[in-house]
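A short write-up of the structure that comes next.
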Amino acid sequence: MTWQNELSSAFRRADELSQFLGWPVPQLDNYPLLVTRGLATLIRKQGPNGVLARQFLPHQEESAHHGLLDPIGDQAHAKTAQLIHRYHNRALLIPTTVCPVNCRYCFRKNELLSDGPFAQEREQTLNYLMQHPEIEEVIFTGGDPLILSDEKLGAWLELLATIPHIRHIRFHSRVPVILPTRLTEDLSDVLESFAGRFTLIMIVHSNHVSEWSDAAIKAVRHFRPGGLRWMSQSVLLKGINDNPLTLAELFRFFAQLDVRAYYLHHPDQVRGGMHFWLDLEAGRKVWGALHDQLPGWMLPQYVIDIPGGHGKTPAFNPEGHSFSGSLLDRSGQLIQTIQPSFPVSDSTARP
Ligand SMILES: *Cc1c(COP(=O)(O)O)cnc(C)c1O
Ligand code: SF4
C-alpha cells in the first residue's frame, strides 16, 4: 500500500475506530480524530488503557477549558502566515497543517483547526527569508512537512536553494514512526539531490518505544540520504512517559537506532491537552533520576518553552527540584512569575 492510500484509508470517525478496536471511542466536536490503520493495530494490541490509546484516542478531558490556545507564543513571532522567526539565525516554516495522526496532547491543537492562523503565503515567506541574511537554517514543521508530496517538497527545497545564506534544512516530523511507508526511494532521491547544498537534519518526534512498529524501525535505519542526520524530540507527558525507566528505555532505543536524542520538552499548557501536563518540579524529579541512569551522550536537552513567545530555556535546575515560580530570560531578568503547581490562565484567549 502506498503512503497516500494509507493516509486516505485512516480512521477519521470514532464509531468506525471503535468498531475496529472493540471498545468505545468518544466523538468530540472540538478536536478531530485521525488514526492510521497501522497505528490502530498497535493501539488495539496494547489495549484501551495503554499509552498509545492515551496519546492518540479522543478523550472527554480534552473539553476542559483551562490552558492556552497558543501556549508557546508562536504567533508573537509570525513574520508571514507560515513563517515563525524567533531566534536570530533559524526560522520555522509551516508549509502544511496536515499531520499523519492527531496527537491528543499537541501544543498546536487549537491553531491547527481549519480556521487556524496558518495559510499558504509562499511568495511572502521567500521574500522575508531573502531579506534576512542572518537566517542560516529553515526548519520545516507543521502540521507535518513529510505529508507534502515529493514534488512540493522538492519545489520548496529548490526555491530555498536559491537563497545563498540558507545552509541547513531541518524537518520536524512524526511521519517516520507513524507512517514509515512515506520514507520512499523517491523521497530519498529528492533529498539526496540537495546533499551538497544543505546540511540535512531529520528530527523524529516520538514519546514511547511502543510507538515503533518493525516497519518504522527498518525504515529509519535504512533512510539516510545525503548524510541525513537523525535526531529526536520527545514531550514529557503525564501518564505516558513521566517516569525515568520509560524515558531511559526510549533514549537507549534511539541510541540503538542511531538517532541522537535532541530535545525532551516539558509539556506546554495547551488548552485541550492539560490532562498530559505536569508541573516543573515533577518533571525535574523524573529528569534527575533519568540523568543518573544514562550516559550523557544518550541524554537529550530537557527544555521548557516560556509562555508568551519567550522561547526555550533549560528546564533542569541542577541545584534542586524545587521551582521558585520565576521564569528568567538569558540576562537573568524576570519574565513571568507562575504558580509552580497550577496552570496559568490565558489572558489572550479568544472566545
Ligand atoms: C524550537 C524552535 C527553533 C529551533 O531551535 P533549536 O534550538 O535550534 O532547536 C526555532 N524556532 C522556533 C520558533 C522554535 O520554537
Ligand atoms: S504530529 Fe506534531 S503537529 Fe501533528 S498533531 Fe502530532 S504533535 Fe501536533
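Atoms within each ligand, like the ligands themselves, are counted from 1 in listed order.
At a heavy-atom cutoff of 4.0 Å, ligand 2 is contacted by no atom of Ile178, backbone or side chain. Residue-level proximity to ligand 1 for Ile139 is carried by the side chain, the only part with a heavy atom below 4.0 angstrom. If you look at Arg108 next to ligand 2, there are no close heavy atoms at all, none under 4.0 Å. Residue contacts with ligand 1, taken as heavy atom pairs separated by less than 4.0 Å, do not involve His85 at all.
The nearest protein atom to atom 5 (S) of ligand 2, hydrogens excluded, is given as Cys103 N, 3.4 Å; this is a heavy-atom distance. For atom 10 (C) of ligand 1, the closest non-hydrogen atom on the protein side is Tyr87 CD1, 3.4 Å.
Put simply, part of Arg170 is less than 4.0 Å from ligand 1, judged by heavy atoms.
If you check each of His205, Gln55, Glu111 against atom 7 (S) of ligand 2, the one with the closest non-hydrogen atom is His205.
The heavy-atom pair separating Gln46 from Leu52 by the smallest distance is OE1-N, 2.8 Å. Between His265 and Tyr263, the closest heavy-atom pair is NE2-CB, 3.6 Å.
Within ligand 2, counting atoms from 1 as listed, the ones closer than 4.0 Å to a heavy atom of Val101 are 5 (S). Short contacts between ligand 1 and Lys312, defined as distances under 4.0 Å to a heavy atom of the residue, involve ligand atoms 1 (C), 2 (C), 3 (C), 4 (C), 5 (O), 14 (C), 15 (O). Listed by number with element, the atoms of ligand 1 under 4.0 Å from a non-hydrogen atom of Tyr262 are 6 (P), 7 (O), 8 (O), 9 (O).
Donor-acceptor pairing under 3.5 Å is lacking for the side chains of Thr184 and Trp3. A donor-acceptor pair shorter than 3.5 Å cannot be found between the side chains of Tyr105 and Asp268.
Distance check for Cys99 against atom 8 (Fe) of ligand 2: none of its N/O/S atoms falls below 2.8 Å.
In this structure, the side chain of Asn241 engages the main chain of Asn207 through a donor-acceptor pair within 3.5 Å. The closest donor-acceptor contact from the side chain of Arg37 to the backbone of Ser9 lies under 3.5 Å. In this structure, the side chain of Arg271 engages the main chain of His65 through a donor-acceptor pair within 3.5 Å.
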Derivation of the side chain to side chain contact (heavy atoms under 4.5 Å, CB included) call for Asn102 and Arg104 = CA-CA 6 Å; Asn102 281 339; Arg104 312 319 297 183; 3.9 Å; yes
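Residue contacts with ligand 1: Arg90 is placed with a nitrogen or oxygen under 3.5 Å of a nitrogen or oxygen of the ligand (distance criterion only). For Asp74, no nitrogen or oxygen atom sits less than 3.5 Å from a nitrogen or oxygen atom of ligand 1, counting backbone and side chain alike. In terms of N/O distances under 3.5 Å, ligand 1 is not approached by Glu137.
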